[in-house]
Amino acid sequence: MATDYDAPRKTEEEQSEDSIEELKARRHEKNSGKVDEDETEAAESFELPGADLSHEELAVQVVPKQLDEFTCSSCFLVHHRSQLASEKNGTFICRDCAY
Ligand SMILES: [Zn+2]
């Protein structure tokens, strides 16, 4: 009889514990799922304008030449004016290409 008492007790406890754990897990899943959705939505809404801005900044930094810089028409590299060897008809030749 003792074993009969013990057996249902243990299973009952295990079952109740399992159900509580299940409830906790379900609540946690629900809560974490909601938080994740909010976070991803917020991140997306923040990322889109931020990415656009970063692209614009990159283009601005790369495209325009500084007044004291020139693009060599031979190697197509941007050099400082101090590296300018010759200038003919708007074409610039750097010292590396001049020699
Ligand atoms: Zn050059």
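Nothing here was measured: the structure is a model prediction, and the numbers come from that model.
The two residues C72 and C94 make their nearest non-hydrogen contact at SG-N, 3.5 Å. The heavy-atom pair separating S74 from I93 by the smallest distance is CB-CD1, 4.2 Å.
C97 contributes atom SG, which lies 9.5 Å from atom CZ of F76 (distance to the nearest 0.5 angstrom). Summarising the geometry, atom CZ belonging to R81 is positioned 8.5 Å from atom CZ belonging to F70; distances are rounded to the nearest 0.5 Å.
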Identify each donor-acceptor pair in which a side-chain atom of residues 82-91 lies under 3.5 Å from a protein atom, sequence neighbours left out, and give them as a table.
residue	atom	partner	partner atom	Å
S82	OG	H80	ND1	3.1
T91	OG1	K88	O	2.4

